[in-house]
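Structure, as structure tokens:
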There are 2 protein chains.
Amino acid sequence: MNSDCTIYNTVDLISKRWTLLILLELHRGGGGRKRYTELKSGLFDISPKMLSERLRELEKAGMIAKTVDASRVPIRTDYELTEMGKDFMPVIRSLKGWALKWKGDNRVCSKVECAECNLK
Amino acid sequence: MNSDCTIYNTVDLISKRWTLLILLELHRGGGGRKRYTELKSGLFDISPKMLSERLRELEKAGMIAKTVDASRVPIRTDYELTEMGKDFMPVIRSLKGWALKWKGDNRVCSKVECAECNLK
DNA sequence: CAGGATCCAAAAGGATACTG
DNA sequence: CAGTATCCTTTTGGATCCTG
């Protein structure tokens with residue numbers, strides 16, 4: 001369509017399955033670094049293929065940063081939100097506000113561990 | 001995943017291809033009613049199947065309203081944003097703000113008629 | 001542990017023709 | 001005009017096994 005349109009490309013990135021959930025997962029509990037396996041169990045149904053694919057996309061987009069510590073065995077990898085990624089949270093918050101206002105009768109799910117709802 | 005989670009369901013709705021573009025198209029030029037064909041030519045690459053499918057979804061979600069005037073031939077149909085739909089614009093605006101801040105070097109495409117960028 | 005490689009099923013989307 | 005119906009291609013994603 002308009003592959004040189006920033007808005008369109010942004011929508012294209014964030015509208016992919018799991019993407020928002022991964023960002024929320026990285027934001028959970030005050031942010032900070034999270035391991036691949038940690039993310040994987042937080043998003044408990046995701047396949048390794050999907051997770052690494054999305055992580056690659058998000059890293060390329062500049063929303064997350066990857067740190068590898070190869071000095072130890074096994075290799076340790078961490079992911080965290082960049083400033084750009086953190087700054088995206090208000091967008092999600094805005095979406096949540098809208099949903100709470102207009103879809104309130106469906107109510108936000110009550111599970112404490114629901115990554116989708118876990119945005120303050 | 002969590003089909004009873006409002007946030008998740010919202011993301012699921014709006015992240016579908018064309019959905020945001022249709023909303024923007026309905027918002028264009030001060031809002032107001034738009035005909036099916038009008039929308040179709042505004043989103044010039046969309047297939048009739050996609051357009052009617054998305055319109056149905058959005059209507060069901062309560063974001064747009066459909067008006068049919070069968071008293072005349074040919075039948076005239078109009079679509080417009082509901083209050084819920086209009087109230088969604090700040091969410092898109094928030095997304096655009098983020099994109100302009102962080103993806104500014106890619107710049108928003110300059111075409112005046114670009115529906116994606118046409119949000120004030 | 002942190003993925004990559006493969007294979008396969010399902011869903012999404014496009015093109016086109018048709019209709020009340 | 002405002003779609004529906006059909007067919008077919010492409011994409012997406014899940015399951016699983018493998019490896020440095």
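On a predicted model such as this, the values are computed, not experimentally measured, just so you know. First the proteins, then the strands, lettered A, B, ... as listed; each starts at 1.
Regarding B:Asp69, its CG atom lies at a distance of 13 Å from the C1' atom of D:dA2, rounded to whole Å. Nucleotide D:dG13 holds its C1' atom 15 Å from the CG atom of A:Leu43, rounded to whole Å. Between the CD atom of B:Glu53 and the P atom of C:dA11 there is a distance of 13 Å, rounded to whole Å. When the C1' atom of D:dG13 is taken as reference, atom CD1 of A:Ile22 falls 13 Å away, rounded to whole Å. The nearest whole Å value for the distance from the NZ atom in B:Lys16 to the C1' atom in D:dT11 is 15 Å. For the pair B:Arg56 CZ and C:dG13 P, the computed distance is 13 Å after rounding to whole Å. If you take CG of A:Leu39 and P of C:dA2, they are 9 Å apart, rounded to a whole angstrom. When the C1' atom of D:dG3 is taken as reference, atom CZ of B:Arg54 falls 16 Å away, rounded to whole Å.
When distances run from any side-chain atom of A:Met50 to the nucleotides D:dG14, C:dA2, C:dG14, the shortest one goes to D:dG14. Of the candidates C:dG14, C:dT16, C:dA2, the closest approach to any side-chain atom of B:Pro48 belongs to C:dT16. Nearest to the side chain of B:Tyr36, among C:dA5, D:dG3, C:dC1, sits D:dG3. Counting only heavy atoms from C-beta on, B:Ser52 has its side chain closest to D:dG3 among C:dG14, D:dG13, D:dG3.
Considering only side-chain N and O atoms, A:Arg35 lies under 4.0 angstrom from the phosphate OP1 or OP2 of C:dA2. Within the 4.0 Å cut-off from OP1 or OP2 of D:dT11, not a single side-chain nitrogen or oxygen of B:Arg17 is found. For B:Lys66 and D:dG3, the shortest distance from a side-chain N or O to OP1 or OP2 is below 4.0 Å. For C:dA2, one of the phosphate oxygens OP1 or OP2 lies less than 4.0 angstrom from a side-chain nitrogen or oxygen of A:Thr37.
Taking every heavy atom of residues 71-80 of chain B and every atom of DNA chain D, pairs under 4.0 Å involve B:Pro74, B:Ile75, B:Arg76, B:Thr77, B:Tyr79, by number.
We find the OG1-CG distance between A:Thr77 and A:Leu39 to be 11.0 Å, quoted to the nearest 0.5 Å. Note that OG1 of B:Thr19 is 9.0 Å distant from CE of B:Met50, once rounded to the nearest 0.5 Å. Atom-to-atom distance recorded for A:Lys34:NZ and A:Asp78:CG is 10.5 Å, nearest 0.5 angstrom. B:Leu100 CG to B:Arg93 CZ: the interatomic distance, rounded to the nearest 0.5 Å, is 12.5 Å.
With sequence neighbours left out, A:Thr67 forms a side-chain hydrogen bond (donor to acceptor under 3.5 Å, both in side chains) with no residue at all.
An angle of 50°, rounded to 10°, separates the two end axes of the helix from C:dC1-D:dG20 to C:dG20-D:dC1, each defined over five pairs.
Put simply, the side chain of A:Lys49 and the base of D:dG13 share a donor and an acceptor less than 3.5 Å apart.
A salt bridge is absent between A:Arg56 and A:Glu53; no separation between the charged side-chain nitrogens and carboxylate oxygens falls under 4.0 Å.
Taking the six-membered ring where the residue is Trp, A:Tyr79 and A:Tyr36 present tilted rings, their angle falling between 30° and 60°.
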Practice item. Any chance you could lay out the side chain to side chain contact (heavy atoms under 4.5 Å, CB included) test for B:Leu55 and B:Lys66, step after step, and finish with the verdict? Key: CA-CA 9 Å; B:Leu55 287 172; B:Lys66 181 180 180 176; over 6 Å; no
Point to revise | From CA spacing to verdict: side chain to side chain contact (heavy atoms under 4.5 Å, CB included), A:Val11, B:Ile14 | key: CA-CA 10 Å; A:Val11 170; B:Ile14 63 146; over 6 Å; no
**Study point:** Pair A:Glu57-A:Lys60, salt bridge (charged side-chain N to carboxylate O under 4.0 Å, His left out): steps then yes or no
**Key:** CA-CA 5 Å; A:Glu57 290 166 0; A:Lys60 189 180 168 198; over 6 Å; no
